[in-house]
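What follows is a single structure, written as structure tokens, with notes after it.
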Amino acid sequence: MKGKITFTMIKPDATGKNLTGKILSKITEAGFTIRALKMTRLSKEQAEGFYAVHKDKPFFADLVKFITSGPVVAAILEKENAVESFRELIGATNPANAAEGTIRKLYASSVQENAIHGSDSDENAQIESNYFFSQLERF
Ligand code: GDP
């Protein structure tokens, strides 16, 4: 069965352009309910842990530098079939390939500075949610 929870993070390129409100509107207009929300900044160690799956990629050091360069807005979101539905809403990793109307098509500037993260599986949605939020911070 597909889960109802996904995790997202508005990235520093988008928070830096003051797009947090617009992006959260797109998310709630698409039928997601916000169950947890915080603006924070990742340490280098936290960023390396969050993106550990990419540690051998050539862009890893740049990615860690970028994601720690400013505030992120992390959230837990609820909707039926949350992971897949949210990946559709945000669009392809590279905004050049993202469908019209998707968040990345609208607001991303490059494959790295692509405005927003969305979990790629139910398992990762749980792991990533736990990375940012305690049980008391979920509603
Ligand atoms: P996502 O699940 O769509 O976010 O994509 P991935 O899990 O493949 O990559 C994680 C993040 O790493 C992306 O959202 C980008 O910010 C960054 N990234 C992915 N591919 C590249 C790349 O080829 N070059 C650079 N510089 N960054 C990348």
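Indexing begins at 1, ligand by ligand and atom by atom, following the structure's order. From a predicted model like this one, the values you see are computed outputs, not experimental measurements.
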Q. Counting heavy atoms only, which part of Lys11 comes closer than 4.0 Å to ligand 1: side chain, backbone, both or neither?
A. side chain
Q: Just need the protein heavy atom nearest to atom 15 (C) of ligand 1, so name the residue and atom and give the distance.
A: Val111 O, 3.1 Å
Q: Within a distance under 4.0 Å of any heavy atom of Arg104, pick out the atoms of ligand 1 and give their elements.
A: 1 (P), 3 (O), 4 (O), 14 (O)
(Q) Consider side-chain contact (heavy atoms from CB on, under 4.5 Å). Of Leu37, Ile5, Ile27, which one does Leu77 pass it with? (A) Ile27
Q.
Could you check whether Lys22 makes a cation-pi contact with Tyr107, meaning its NZ or CZ is under 6.0 Å from the centre of the six-membered ring and within 45° of the ring axis?
A. no
Q: Could you say whether the N/O atoms of Thr93 and ligand 1 ever approach to under 3.5 Å?
A: yes
Q: Verify ring pair (Phe, Tyr, Trp, His ring centres under 6.0 Å) between Phe132 and Phe50, making sure each step is shown before the conclusion.
A: CA-CA 10 Å; Phe132 280 82; Phe50 188 80; 5.8 Å; yes
Q | Shortest protein contact, atom 26 (N) of ligand 1 (heavy atom only) | A | Gln112 OE1, 3.3 Å
**Q.** Closest contact, heavy atoms only, Ala108 versus Asn114
**A.** CB-CA, 3.4 Å
Q) Does some non-hydrogen atom of Arg87 fall short of 4.0 Å from ligand 1? A) yes
Q.
For Glu80, is there an ion pair with Lys4 - N to carboxylate O distance below 4.0 angstrom?
A. yes
Q) Between atom CD of Gln112 and atom CG of Leu63, what is the distance when rounded to the nearest 0.5 Å? A) 6.0 Å
Q: Please say whether the positively charged group of Lys55, taken as NZ for Lys or CZ for Arg, lies over the ring of Phe60, i.e. under 6.0 angstrom from the six-membered ring centre and within 45 degrees of the axis.
A: no
Q) For atom 8 (O) of ligand 1, what is the nearest protein heavy atom, given as residue, atom name and distance? A) His54 CE1, 3.7 Å
(Q) Could you walk me through whether Leu89 and Thr102 satisfy the side-chain contact (heavy atoms from CB on, under 4.5 Å) test, starting with their C-alpha distance in whole Å, then the side-chain angles of each, then the deciding distance to 0.1 Å, before giving a yes or no? (A) CA-CA 5 Å; Leu89 177 66; Thr102 60; over 6 Å; no
Q: Compute the minimum heavy-atom distance from Met9 to ligand 1 and say whether it is under 4.0 Å.
A: no
Q: For atom 19 (C) of ligand 1, find the nearest protein heavy atom and state the residue, atom name and distance (0.1 Å precision).
A: Phe59 CZ, 3.6 Å
(Q) With a 4.0 Å cut-off on heavy atoms, is Asn114 in contact with ligand 1? (A) yes
Q) Of all the non-hydrogen atoms in the protein, which one sits nearest to atom 17 (C) of ligand 1, and at what distance? A) Leu63 CD1, 3.8 Å
